[in-house]
Amino acid sequence: MSIPDLPVVIPDAPRNLDLSKCIFPPEYDGHFVRLLISKDEIRGVVRALAAQIHKEYQAKKSRPVMVCVLKGASPFFQHLCDALMELKQGFDTEFIRVSSYEGTESTGRVRVAGGIDYDHLAGRDLLLVEDIIDTGTTLSYLIPTLMEKDKPPRSVDVVTLLSKRLNEAAKWEANYVGFTVPPHFVVGYGLDYNELYRDTEDIFVISQSGINFDSSTLN
Ligand code: XMP
Ligand code: MG
């Protein structure tokens with residue numbers, strides 16, 4: 001598998017990737033307009049990110065704390081940690097649960113809803129692992145929250161699988177970006193719409209039927 005240069009730019013115009021080859025539960029039939037990023041592309045980018053991270057942490061002789069921003073980043077976190085292990089890059093892990101979205105709209109309000117062990121982070125180099133940066137609201141809240149503790153981390157860097165291309169001058173950007181994507185609402189590989197679609201290996205653009213679907217019929 002070839003290692004791509006980062007970030008990989010996913011163009012605005014559809015690339016006509018073959019949606020019929022994707023594996024997903026049958027209840028999602030008709031819920032996607034198109035395949036945006038394939039599983040194979042994700043795996044290649046995860047390896048490239050791991051190589052970049054390993055090189056920089058080796059140079060600064062640092063063992064990072066990989067902080068998974070739940071729930072969306074969970075599959076990316078898992079595969080990124082696997083790739084770092086293959087490179088013999090040591091790291092600690094921590095998990096934080098944050099939400100800023102209701103349906104397809106960012107609420108602009110960020111909540112930390114999960115038990116992170118702040119003592120574990122004191123004096124350490126943190127690498128926040130995010131699924132997607134959209135408006136930057138989550139990071140502009142989360143990073144100061146972590147740095148304002150009595151015993152703050154030494155540094156906070158961010159790796160994100162996706163970054164949406166928006167015309168926002170003051171947008172927070174990650175230190176490591178896998179893909180830049182057009183400003184559509186995307187789902188799959190951890191990214192959900194009302195808790196659905198986290199359980200797919202590829203990333204899709206959601207369709208109107210997907211948005212209108214009543215998920216309570218599945219339980
Ligand atoms: P902000 O605006 O705070 O957004 O940078 C980051 C968080 O919002 C969620 N998000 C999405 N989730 N499809 C999703 O499933 C999307 O297109 C999308 N855009 C933003 C996500 O949880 C992210 O961490
Ligand atoms: Mg997220």
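What you see is a predicted model; the values in this text were computed from it and never measured. The analysis underlying the following values was restricted to heavy atoms, covering all of them including side chains, and did not include hydrogens, waters or symmetry mates. We number each residue from 1, following the sequence as shown. Ligands are counted one by one from 1 in listed order, and the atoms in each one are counted from 1 as well.
Under 4.0 angstrom from ligand 1, the non-hydrogen atoms of H184 all belong to its backbone. Contacts with ligand 1 closer than 4.0 Å are made by side-chain heavy atoms of D131 only, the backbone lying farther away.
Here the CD1 atom belonging to I206 is positioned 10.0 Å from the OH atom belonging to Y28, to the nearest 0.5 angstrom.
Not a single heavy atom of G72 lies less than 4.0 angstrom from ligand 1.
When every heavy atom of V158 is checked against every heavy atom of N175, the shortest pair comes out as N-OD1, 2.8 Å.
Residues passing the salt bridge (charged side-chain N to carboxylate O under 4.0 Å, His left out) test with D92, sequence neighbours excluded: R63, R124.
Just one of Q52, E56, E130 meets the side-chain hydrogen bond (donor to acceptor under 3.5 Å, both in side chains) condition when paired with Y176; it is E56.
No hydrogens or angles considered: a donor-acceptor pair under 3.5 Å links the side chains of S163 and E173.
Ligand-side atoms of ligand 1 in range of E130: 24 (O), range being under 4.0 angstrom from any heavy atom. Ligand-side atoms of ligand 1 in range of G136: 1 (P), 2 (O), 5 (O), range being under 4.0 angstrom from any heavy atom. Atoms of ligand 1 lying under 4.0 Å from any heavy atom of K164, numbered from 1 in the order shown and given with element: 16 (C), 17 (O), 18 (C), 19 (N). The distance from ligand 1 to the heavy atoms of L191 drops below 4.0 Å at these ligand atoms: 12 (N), 14 (C), 15 (O).
Scanning V186, T138, L142 for the heavy atom closest to atom 3 (O) of ligand 1 points to T138.
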Using distance only, find each side-chain donor-acceptor pair of residues 73-90 under 3.5 Å and give its atom names and separation, not counting sequence neighbours.
residue, atom, partner, partner atom, Å
H79, ND1, P75, O, 3.2
H79, ND1, Y189, OH, 2.7
H79, NE2, R43, NH2, 3.3
Q89, OE1, H54, ND1, 2.8

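Ligand 1 has a nitrogen or oxygen under 3.5 angstrom from a nitrogen or oxygen of D192.
Linking Ile, Leu, Val, Met, Phe, Trp and Tyr residues whenever their side-chain heavy atoms come within less than 4.5 Å places L196 and V187 in a single cluster.
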